[in-house]
Structure formats: structure tokens, C-alpha cells
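In what follows, a single structure is set out as C-alpha cells and then discussed.
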Amino acid sequence: MGTLFLVIPLLLILVTLAYGVAQVLVRAWLDYRVRIAFLEQLEKNSALVGPQADVPAIMSRIAATSFAYQRQNYALTGLLLTGFGIVFLVAGRLMRSGELAVGIFFGGVFCVLLGLIIALFGFIIRVMSRSDASTARS
């Protein structure tokens with residue numbers, strides 16, 4: 001049972017990572033399926049096409065809107081992981097001695113470090129995406 005408490009921070013990291021990867025893969029697959037369905041409908045009913053200059057504009061709008069609201073918020077994920085790490089740091093520090101206390105403490109240190117790195121990358125991604133959005137509006 002002691003080893004279970006030692007791997008709780010690692011399991012939280014793996015679950016968060018698996019959720020993020022699964023979310024990205026499912027959304028990419030759904031985006032692909034929507035595009036294919038759209039093109040199949042255009043192929044079946046050629047009257048929907050209209051002027052051929054409109055098709056690239058429609059496809060670019062579909063591509064632009066499909067990922068704009070579906071981003072994984074890495075900054076929030078990193079901050080939550082940091083929060084879990086701080087809780088484990090405090091819990092390990094309060095236990096004072098024993099293998100379990102040391103495992104919880106160092107698991108908390110690992111969570112805090114990894115969470116801060118993920119949050120930093122999340123904030124960098126957010127700043128970089130805002131600069132692109134502000135230049136597009138101008």
C-alpha cells in the first residue's frame with residue numbers, strides 16, 4: 001500500500017497527459033471526418049459548389065474555426081499540477097518521517113517542477129496565439 005501512495009503524483013501526470021493526447025487525437029479525427037463529409041456532399045450535389053472561387057474560402061473558414069475553440073489549456077493544466085504538487089509537498093512535510101513521507105514529498109517536488117514547466121509553455125503558447133489574433137484583427 002505504501003508504494004501506491006508513492007506513485008499517486010506520477011499517476012496524476014500520466015492521466016493528464018493521456019487526456020491531453022486523446023483530446024487532440026479525437027479532435028483531429030473529427031476535423032478530418034467533417035472535411036471528408038463536406039467534400040462528399042459537394043461531390044454528390046454539384047449545385048452546392050457555386051463559383052469555384054468560394055470553395056477554398058469555405059475550406060479555410062472550416063479549418064480556422066475548428067481548432068480556435070478546442071485548444072487544450074496547458075497553462076491551467078500546469079497550474080493544477082503545481083497545486084497538486086504543493087499539496088503533496090505540504091503533506092509530506094507534515095508527516096516528517098518515514099518512506100511514505102519522503103515519497104510524497106519528492107513526488108510533490110516533481111509535480112511542482114513539471115507543473116511549472118507546463119504552465120510556462122502554456123503561457124508562452126497563449127501569448128504567441130494572441131499576437132497572431134491581434135494582427136489578424138487589424
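- Linking ILVMFWY side-chain heavy atoms closer than 4.5 Å, directly or via other members, places V102 and L113 in a single hydrophobic cluster.
- I117 is not connected to F123 by any chain of hydrophobic side-chain contacts under 4.5 Å among Ile, Leu, Val, Met, Phe, Trp and Tyr, and they are in different clusters.
- Contact annotation: the side chain of I104 approaches that of L100 to within less than 4.5 Å [non-hydrogen atoms, C-beta and beyond].
- Rounding to the nearest 0.5 Å gives a distance of 4.0 Å between OG1 of T82 and CG of L116.
- Here the closest heavy-atom approach between residue M95 and residue A101 is recorded as CB-CB, 3.5 Å.
- Taking every heavy atom of both residues into account, C111 and G85 meet most closely at CB-CA, 3.5 Å.
- F105 and L89 get closest at one heavy-atom pair: CE1-CD2, 3.3 Å.
- With contacts defined as side-chain heavy-atom distances shorter than 4.5 Å, the pair I36/R33 qualifies.
- Going from atom CG of L11 over to atom OG1 of T16 covers 10.5 Å, rounded to the nearest 0.5 Å.
- The hydrophobic clustering, which links ILVMFWY residues whose side-chain heavy atoms are closer than 4.5 Å, places F106 and I86 together.
- Residues F110 and Y74 share a hydrophobic cluster, clusters being chains of Ile/Leu/Val/Met/Phe/Trp/Tyr side chains in contact below 4.5 Å.
- Between F88 and L12 the shortest side-chain heavy-atom distance falls below 4.5 Å.
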**Study point:** Test salt bridge (Lys or Arg N to Asp or Glu O under 4.0 Å) applied to D31 and R27, step by step
**Key:** CA-CA 6 Å; D31 183 50; R27 287 195 176 146; over 6 Å; no

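- Once rounded to the nearest 0.5 Å, the distance linking CG of L30 with CG of L25 reads 11.0 Å.
- Linking ILVMFWY residues whenever their side-chain heavy atoms come closer than 4.5 Å, directly or via other members, leaves Y19 and L80 in distinct clusters.
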